[in-house]
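Data first, discussion second: the structure below is written as structure tokens.
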Amino acid sequence: MIEKHYQPSDIESRMSLIWEDSRAFSAGRPERRDARPFTIVIPPPNVTGSLHMGHALNNTLQDILCRFERMRGRDVLWQPGTDHAGIATQMVVERQLMERQQPSRREMGREKFLDRVWQWKAESGGIIINQLKRLGASCDWSRERFTMDEGLSRAVVKVFIELHRQGLIYKDKRLVNWDPNLLTAISDLEVQQIEVKGNLWYLRYPLEGKTFNPGDPSSFIVVATTRPETMLGDTAVAVHPDDERYAHLVGRHVVLPLVGRKIPIVADEYSDPEKGSGAVKVTPAHDFNDFEVGKRHNLAQISVFDKEARLLLTGNEDYLRGLPEGAAELAEELHGLDRFAARKWIVARLEDFGFLDRIEPNTHMVPHGDRSGVVIEPFLTDQWYVDAKTLAQPAIAAVRSGATTFVPKNWEKTYYEWMENIQPWCVSRQLWWGHQIPAWYGPDGKVFVAETEDEAVGNALGYYVEQEVITAEQGREMALDRNKRAGFITRDEDVLDTWFSSALWPFSTLGWPDQTPEVKRYYPTDVLVTGFDIIFFWVARMMMMGLHFMKEAPFSTVYIHALVRDEKGAKMSKSKGNVIDPLHLIDQYGADALRFTLAAMAAQGRDIKLAASRVEGYRNFATKLWNACRFAEMNNCALPPKFDPAGAKEVLNRWMAHETARATREVTEAIESYRFNDAAGAIYRFVWNIYCDWYLELAKPVLLGEEGEAKSETRAMVAFARDVILKLLHPFMPFLTEELWAVTAKRDGLLTLASWPRKAVALTPEQVALMAAASPNEPLLAPILMAADTSELSDPAAEAEIGWVVDLVTAIRSVRAEMNIPPATLTSLVLSAASAETQARVPRWSDVIKRLARLNDISFTDRPPEGSVQLLIRGEVASLPLKGVIDLSAEKIRLDKELAKADSDIKRVDAKLANEKFVANAPEEIVEEEKEKREAAVARKAKISDAIERLRNAAS
RNA sequence: GGGCACGUAGCUCAGCGGGAGAGCACUACCUUGACAUGGUAGGGGUCACAGGUUCGAUCCCUGUCGUGCCCACCA
């Protein structure tokens, strides 16, 4: 028995348990051993995070695909898991420590801190998984993985070592994006350029050998800068080689104000004569461009900041080298000053001495850390880099060749743009939470990359014995005795970028580097579903790593969905605090309603601005289906064994079979082509507008009537269509449909494992033969198409008849409303000059028409009775004799309007047909269509004129 | 500076070369035997603007205005 009311929360918790107990979502179910696999890896959410709207959309779409393919018989693996999210998680725990006034990370030390993070992971790691389950995600939960679990960590180490051996990972000292707050390097992608209103400071750098005089421009050169404080680290001034203003100065030197350092004026094309003064200060240690200029001109790199972006001058030999007397005093004074304070101090002092030429307001982009929000400092450090340029080549080729395609396609351009201009990927992070880099350093700093410390020790001892740094005897002793070798080599303290392990996700989760059966069966995966915001972070890197290590692209399709934005259209993010909680909507309306809403709004290439009223509307849709199923149940509608919808005899049932086939085709094709909104729209219309509004209504008289063949066939069709609905809707509303599947009939198994309705493809035997000839290597193709050929369900006669009933009922209702006839007033219907077809139809439908159109009688005459409302239904006149009830003048107005409409239709078509160019150029079928339209309109006009004429006679 | 979207009913959004659609909101009526989380009927749009291509443009092209996003080291 179906409960009277639809209660989403009850159903959802119950169904979750049933699916879990039956292991319905397990990959590799024995009965599907021979089935084609279908694999999706979940974009692993942050292990300590919670479900936001983006997750809800992302996982709803994946789940639709997985449930769809599972019902189509594929062996589905939806691989779940979570990401350790290096910086994010470490920040969360550090914040907790601060809030609880506990010892800081550094005070605790690495080991204790990591214990603490693992503890936090244990506490909160299950939350998001449970939230995904609440959403209905049909992952194979028995296979859940975590990027830092043992197996995945082995994959990370293996990849690092391999890439290092191949020269594709290397250590380099160069400028990195340094976050002075988090005290770590970050990658280019983690830097956000933010527009900041600032200034352009024009500084006078005195020429060597001249006496500086602010009033004498020939005694100095003006440079413009947005960062005056970095002048302490200047090692040159650059001008453009072709800039005649400065040609005579190239090769000469300036004396750096305040500091006293003598630095050259060099010619370099980087300098743009149009910008600033045309001369630019060069600070190789604190600016990416200047770094390159410095390399070209062999300039010193003087780093003047420490890790926290405070001036590091005292004891800074690079800085102090070659400075005149007194410079050390300045260094003492400024040492430790924050970069922004330093800016103020230096500008003020430059002004005092006449070195400040002028200040111009200037708005420019300033790099900020996307996690910490502070200004990024280009900083000279040793870091590990991945040679992304090399790895990118096969990844580009895979998309070019079509081995991997993006949906929608326009994202491929974005992908190419980035991949073709890819920079070395800085993968080391000065954090503790993550995969520690498997590299050890010997006493002279030489690097030993190895899987384990023991292996690194072995390599190091071998090397140093060979180099005669230690004797063979010492080497043997140290190899045998842990204590003796303690501290001989030390491990790199840094960890890897979180995305390094994420990049391996499509194969590391399957057990790689072991050659597991899962790796063989489920790699490469079929589809990756993700948002465009992580194409660079994740998709591109999975492509690179997958192709490099597995020799095959990790997925054949990348479906890029929209972002769910907040009500203002802004991107939702934790830092902005504008996150809408999907769980709140689930509590309120149910997971099914939320899922359906997201699918219905997931049109390709458009962002989703979510309105709660929309969710409510689709909850109502669920209720509607619920009640329709109750109706079927009340009328004892059940599917008899071996029911053949194509063999239905009743017109109504033939029509329904036809509509069911059509809905099946629409939904199937829409999901196949990732048009989730179209699929949702098709099933919505089918359930509400076809099944509920018309089919069940039209079936009522039969269902309430006498037992007999018609009644049993109708009961069967009601049940058949309901079952198709439950199947088609299951990927979108899994809980509701599974519940209804269970309670509406005795079933052999779960809906989620039931078979998808076969797609109705109307093909002629010739077409089938052609297709079979075109793909001889797919022997199954032709039989499938033949079996699925439900063209016999297409039934124009039934469609015409039901269409007539619908039109008639709708027209009567409309005119009754217009004439303000109360529902309780029953009228009679008179059909005039009815065709044989109509006369045959009436007995079949009189009950229905009377019921739906509020009639008490239907009769036939030759001519419409006087004083009646006359309706034109498919070319015939249907009248409601309402003499005395209706207002004749109002009826006249109504008919005049219709006449005018018919007239204007004729005129429009005539204009077209009179246009020779139209007739000559438009496709034949369009012209033909227009002619038919004209004929229909002319006929309609004639009938309406007649009706008006009759009305006039009645009035007189 | 480069790139990608988007401006369609009051709101949120589909559609996209041959007479404008949905959900919600709105108006009127209806406790009819699945459903008031419902039913029936209805109002509401020069499809941002201006050119062009075309027999025909909401749809294709160009430009303008507006909005959003991504990328970029330009002082």
Side-chain angles (χ1 to χ4, degrees), chain A residues 2 4-6 175 188 193 200-202 223-227 238 270-272 274-283 287-292 362 364-365 367 378 410-411 413-414 417-418 421 532-533 535-536 562-563 565 567 569-571 589 593 597 600-601 603 605-635 677-678 681 684-685 692-693 696-697 700 704 810 813-818 820-824 851-852 854 905 908-909 912 915-923 925-927 929-930 933:
Chain A
I2 306 179
K4 178 113 199 270
H5 294 288
Y6 166 51
L175 279 187
D188 297 346
Q193 300 291 341
L200 202 52
W201 285 272
Y202 288 78
V223 297
T225 180
T226 54
R227 298 206 54 196
Y270 162 66
S271 181
D272 182 349
E274 307 286 314
K275 294 266 159 71
S277 62
V280 62
K281 67 196 255 328
V282 180
T283 323
D287 183 285
F288 287 97
N289 292 307
D290 294 4
F291 183 78
E292 296 301 321
N362 176 264
H364 58 126
M365 299 302 249
N410 56 321
W411 288 109
K413 182 166 181 167
T414 307
E417 293 280 323
W418 192 70
N421 298 301
F532 65 82
D533 52 330
I535 290 178
F536 305 144
L563 239 47
R565 298 179 180 278
E567 62 273 73
K571 184 174 165 177
Y589 302 112
T597 308
M601 297 182 80
R606 187 149 176 165
D607 289 340
I608 295 176
K609 272 191 263 174
L610 198 62
S613 61
R614 203 65 193 257
V615 186
E616 187 183 351
Y618 290 124
R619 189 276 318 269
N620 296 351
F621 170 64
T623 307
K624 185 74 183 175
L625 176 64
W626 183 268
N627 285 308
C629 289
R630 282 182 61 222
F631 173 78
E633 183 182 63
M634 287 169 176
N635 285 282
N677 58 319
D678 285 344
Y684 182 94
R685 284 189 299 275
C692 293
D693 286 352
L696 294 184
E697 290 303 328
K700 274 177 185 173
L704 296 169
T810 306
R813 281 169 168 173
S814 178
V815 80
R816 284 177 58 108
E818 207 171 325
N820 288 317
I821 298 167
R851 194 182 118 80
L852 296 181
R854 317 289 301 161
D905 283 356
R908 183 157 12 82
V909 177
K912 269 195 183 179
N915 183 341
E916 282 174 32
K917 288 183 178 171
F918 171 74
V919 180
N921 293 324
E925 65 267 24
I926 296 290
V927 178
E929 230 172 76
E930 293 295 325
K933 273 187 206 166

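Values in this document were obtained by computation on a predicted structure and should not be read as measured data. Letters A, B, ... mirror the listed sequences (proteins, then strands); counts begin at 1.
Across all strands, A:Cys692 comes closer than 4.0 Å to base atoms (heavy-atom distances). Counting any heavy atom pair closer than 4.0 Å across all strands shown, A:Ser271 reaches a base atom. Heavy atoms of A:Phe621 sit nowhere under 4.0 angstrom from any nucleic acid atom. Nucleic acid contact for A:Arg619: base, since at least one base atom lies under 4.0 Å from a heavy atom of the residue. Residue-level contact check: A:Glu274 touches neither bases nor backbone, having no heavy atom under 4.0 Å from any strand. Within 4.0 Å of A:Asp287, counting heavy atoms only, lies no atom of the nucleic acid at all.
The side chain of A:Lys624 lies closest to B:A34 when the candidates are B:U32, B:C69, B:A34. Picking from B:C70, B:C4, B:G33 the nucleotide with the shortest atom distance to the side chain of A:Arg851 gives B:G33. Comparing B:A75, B:A72, B:G18 by their nearest atom to the side chain of A:Met365 picks out B:A72.
For the OP1/OP2 pair of B:A34 and a distance below 4.0 Å, the side-chain nitrogens and oxygens of A:Lys700 include at least one atom meeting the criterion. OP1 or OP2 of B:G42 has at least one side-chain nitrogen or oxygen of A:Ser814 nearer than 4.0 Å. Put simply, A:Lys933 has no side-chain N or O that comes within less than 4.0 Å of OP1 or OP2 on B:G18. Look at A:Lys281 and you won't find any side-chain N or O under 4.0 angstrom from OP1 or OP2 of B:A75.
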Dot-bracket assigned to RNA chain B with the 3.5 Å Watson-Crick/G-U criterion, [ ] for crossing and | for other-strand pairs, is ((((((((.[[[[.)..(..]]]].(((((.......))))).....[[[[[..)....]]]]])))))))....

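Between A:Met634 and A:Tyr618, the residue whose closest nucleotide on RNA chain B is further toward the 5' end is A:Tyr618. When the nearest nucleotides of RNA chain B are assigned to A:Glu818 and A:Thr623 by heavy-atom distance, the more 5′-ward of the two goes with A:Thr623.
Distance alone, capped at 3.5 Å, is enough to place a donor-acceptor pair between the A:Glu633 side chain and the A:Ile2 backbone.
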Each nucleotide of nucleotides 52-57 of chain B classed B (base within 4.0 Å of a protein heavy atom), S (only sugar-phosphate) or -, in 5' to 3' order, makes ---B--

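Taking CZ from A:Phe536 and CG from A:Asp188, the interatomic distance works out to 12.0 Å, rounded to the nearest 0.5 Å.
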I'd like a table of atom pairs between the protein and nucleotides 24-28 of chain B - only N or O on both sides, under 3.5 Å - with the distance next to each one.
none

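Aromatic ring pairs are classed by plane angle as parallel below 30°, tilted from 30° to 60° and perpendicular above 60°; the pair A:Trp626 and A:Tyr6 is tilted.
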